[in-house]
Amino acid sequence: MTEMPFVERRFELDGGALVVCFFTPSKAPGGEFQCRYAIGWPEREVRRYACGLDGLQALMLAMRTVHTELIESDAYKAGRLTWCNQADLDLPPTWGEGSLYDPPPQP
C-alpha cells in the first residue's frame, strides 16, 4: 500500500519539478510524534522524519529540516532551485527559535 502525502510543495529545479511531500504526523511507540517527509531529487529520493511533542511540532520541525536541507544543496546555492521563481522557498527556517510573539505593551 502506498501512503498519500498530507501536503506537498513543488519547487522549480532545472526546468522541472522537485517535489517535497510531508506525511501525516503519527504517534510513535516511544510516545513522541513523528512526521515523515520525502524529497524527490532527480537522482534519488530522500526519506526521513522529524520528531516532536505533538503532531504540529513534528510537522513544523520536518518543514524546518527540509528547508535547511534544500538551502544547503548545491542546486540552491547555484540558483537552480526556486519556488515561484524566487529564492525564498517559503518554508519555516526559524520557527521555534526565540520569542514566538511580542507581548503587548503594558498600560
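For the numbers below, each heavy atom of this structure counts, side chains included, while hydrogens, waters and symmetry mates do not.
- Pairing each heavy atom of A38 with each of R47, the nearest pair is CB-CG, 3.9 Å.
- Here the side chains of M63 and F22 are in contact, with some heavy-atom distance below 4.5 Å.
- Contact between K27 and F33 at its shortest, heavy atoms only, is N-CD2, 3.8 Å.
- Heavy-atom minimum distance, L59 versus P25: CB-CG, 4.2 Å.
- Checked against R9 for a side chain to side chain contact (heavy atoms under 4.5 Å, CB included), the options L89, V19, L91 give a single hit: L91.
- Taking all atoms of both residues into account, the shortest heavy-atom contact from A62 to Y37 is CB-CD2, 3.8 Å.
- Atom CD1 of I71 is separated from atom NE2 of H67 by 4.5 Å, given to the nearest 0.5 angstrom.
- When the shell of 6.0 Å around CZ of F23 is examined, it contains more than 12 heavy atoms from other residues, nucleotides or ligands.
- Linking Ile, Leu, Val, Met, Phe, Trp and Tyr residues whenever their side-chain heavy atoms come within less than 4.5 Å places V7 and F11 in a single cluster.
- Considering only heavy atoms from C-beta on, R48 stays 4.5 Å or farther from T65 through its side chain.
- In the hydrophobic clustering of ILVMFWY residues, with side-chain heavy atoms under 4.5 Å counting as a link, L53 and M60 come out apart.
- Atom SG of residue C21 and atom CZ of residue R36 lie 11.0 Å apart, to the nearest 0.5 angstrom.
- Between L70 and W41, the closest side-chain pair of non-hydrogen atoms falls below 4.5 Å.
- Atom CG of L56 is separated from atom SG of C35 by 10.0 Å, given to the nearest 0.5 angstrom.
- Placement of L13 and V66 within a single hydrophobic cluster is found when ILVMFWY residues are connected by side-chain heavy-atom separations under 4.5 Å, directly or transitively.
- The side-chain hydrogen bond (donor to acceptor under 3.5 Å, both in side chains) analysis of residues 71-87, with sequence neighbours excluded, yields the pairs E12-T82, D14-R80.
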